[in-house]
Amino acid sequence: MENGPRNSFYTEPVQIVSLLEQPELHLHPAMQASLMHTLDLVLSKNNMSMMIETHSEYMIKQLGVDIARNFIDADDVQILIFDENEGKSVIKTSRFLENGTLEDWPLGFFQPDYYTESEIE
């Protein structure tokens with residue numbers, strides 16, 4: 001039996017999009033950064049996209065490092081911040097600059113590297 005014409009839905013190349021929810025759970029902080037770096041490399045080389053829901057500052061900071069080192073392009077990363085304002089959900093955006101720094105990031109999200117005595121009091 002001869003194969004008939006195939007539906008283009010099955011023959012056209014497709015963009016792969018994966019969803020990953022809180023991959024940082026149960027991982028040591030160094031492993032969180034390592035996982036993000038690995039994902040950056042795999043996604044950038046394989047025409048893949050991924051939506052990652054995370055609260056991990058280590059993963060977010062690793063994105064910045066990988067952008068600064070040109071492993072990935074800042075324009076390929078979109079960050080959505082879900083917040084609340086007067087009982088309503090608000091979605092804000094942030095982005096990385098080419099040097100790997102975050103722009104429009106909410107204050108207080110990341111753990112400070114250190115506290116001064118005046119900040120502790």
Side-chain angles (χ1 to χ4, degrees):
M1 179 151 106
E2 217 176 289
N3 289 336
R6 300 188 86 189
N7 184 327
S8 65
F9 178 79
Y10 297 105
T11 59
E12 296 296 318
V14 295
Q15 172 72 30
I16 297 171
V17 178
S18 299
L19 305 174
L20 194 54
E21 181 182 11
Q22 296 185 3
E24 71 272 14
L25 294 180
H26 309 293
L27 288 180
H28 184 277
M31 294 308 298
Q32 293 175 30
S34 180
L35 173 62
M36 189 74 254
H37 179 66
T38 301
L39 290 171
D40 290 343
L41 295 177
V42 169
L43 295 171
S44 67
K45 294 181 186 318
N46 292 293
N47 191 33
M48 296 171 65
S49 296
M50 181 171 280
M51 293 176 63
I52 302 172
E53 185 270 324
T54 184
H55 298 99
S56 170
E57 71 180 277
Y58 303 100
M59 294 184 78
I60 294 168
K61 287 181 177 179
Q62 185 63 48
L63 275 170
V65 169
D66 289 347
I67 288 168
R69 293 182 177 165
N70 296 313
F71 288 120
I72 57 174
D73 191 298
D75 292 333
D76 290 338
V77 177
Q78 181 180 18
I79 296 181
L80 302 176
I81 303 161
F82 292 80
D83 206 352
E84 181 269 331
N85 186 9
E86 297 181 10
K88 295 182 181 179
S89 295
V90 178
I91 301 173
K92 301 175 185 176
T93 60
S94 179
R95 68 182 197 95
F96 284 99
L97 303 177
E98 290 298 324
N99 67 1
T101 58
L102 279 167
E103 185 175 72
D104 299 322
W105 193 252
L107 292 175
F109 184 86
F110 289 141
Q111 172 72 25
D113 292 332
Y114 64 92
Y115 293 101
T116 64
E117 286 184 32
S118 63
E119 291 172 320
I120 295 173
E121 295 173 355

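If you read the sequence from its start, that first residue is 1, and numbering goes on from there. What's counted below: heavy atoms across the whole structure, side chains too, no hydrogens, waters or symmetry copies.
- Annotation: side chain of Val65 is not in contact with side chain of Lys61 (no heavy-atom distance under 4.5 Å).
- Taken from CD1 in Ile67 to CZ in Phe96, the straight-line distance is 5.0 Å, to the nearest 0.5 Å.
- Legend: residues meeting salt bridge (charged side-chain N to carboxylate O under 4.0 Å, His left out) with Glu98, ordered by chain and number and at least two apart, are absent.
- For residues 67-91, every residue pair satisfying the salt bridge (Lys or Arg N to Asp or Glu O under 4.0 Å) rule, not counting sequence neighbours, is listed here: Asp83-Lys92.
- The hydrophobic clustering, which links ILVMFWY residues whose side-chain heavy atoms are closer than 4.5 Å, places Ile79 and Met50 together.
- Thr101 contributes no side-chain N or O that, together with a main-chain N or O of Leu97, makes up a donor-acceptor pair within less than 3.5 Å.
- Annotation: the span from His26 atom NE2 to Met31 atom CE amounts to 15.0 Å, rounded to 0.5 Å.
- Note: the hydrophobic cluster containing Val77 also contains Met48 (ILVMFWY, side chain heavy atoms under 4.5 Å, direct or indirect links).
- Cluster annotation: Leu20 is connected to Ile81 through the hydrophobic network of ILVMFWY side chains, with a link wherever side-chain heavy atoms come within less than 4.5 Å.
- With sequence neighbours excluded, no residue satisfies side-chain hydrogen bond (donor to acceptor under 3.5 Å, both in side chains) with Asn70.
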Exercise. Hey, mind stepping through Asp104 and Arg95 against side chain to side chain contact (heavy atoms under 4.5 Å, CB included) and telling me if it holds?
Worked result: CA-CA 7 Å; Asp104 299 322; Arg95 68 182 197 95; 5.8 Å; no

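- Follow the hydrophobic side-chain contacts under 4.5 Å out from Ile60 and you reach Met36 in the same cluster.
- If you take CD1 on Ile52 and CG on Leu43, they are separated by 7.0 Å, rounding to the nearest 0.5 Å.
- Here the OG atom belonging to Ser94 is positioned 4.5 Å from the CG atom belonging to Leu102, to the nearest 0.5 angstrom.
- Here the CG-CE distance, from Leu63 to Met59, works out to 7.5 Å after rounding to the nearest 0.5 Å.
- The environment of Met51 atom CE is sparse: at most 12 non-hydrogen atoms of other residues, nucleotides or ligands sit within 6.0 angstrom.
- One distance of note links CG of Leu35 with CD of Gln62; it measures 10.0 Å at 0.5 Å rounding.
- No option in Glu24, Gln22, Gln32, Glu21 other than Glu24 meets the side chain to side chain donor-acceptor pair (under 3.5 Å) test with Thr54.
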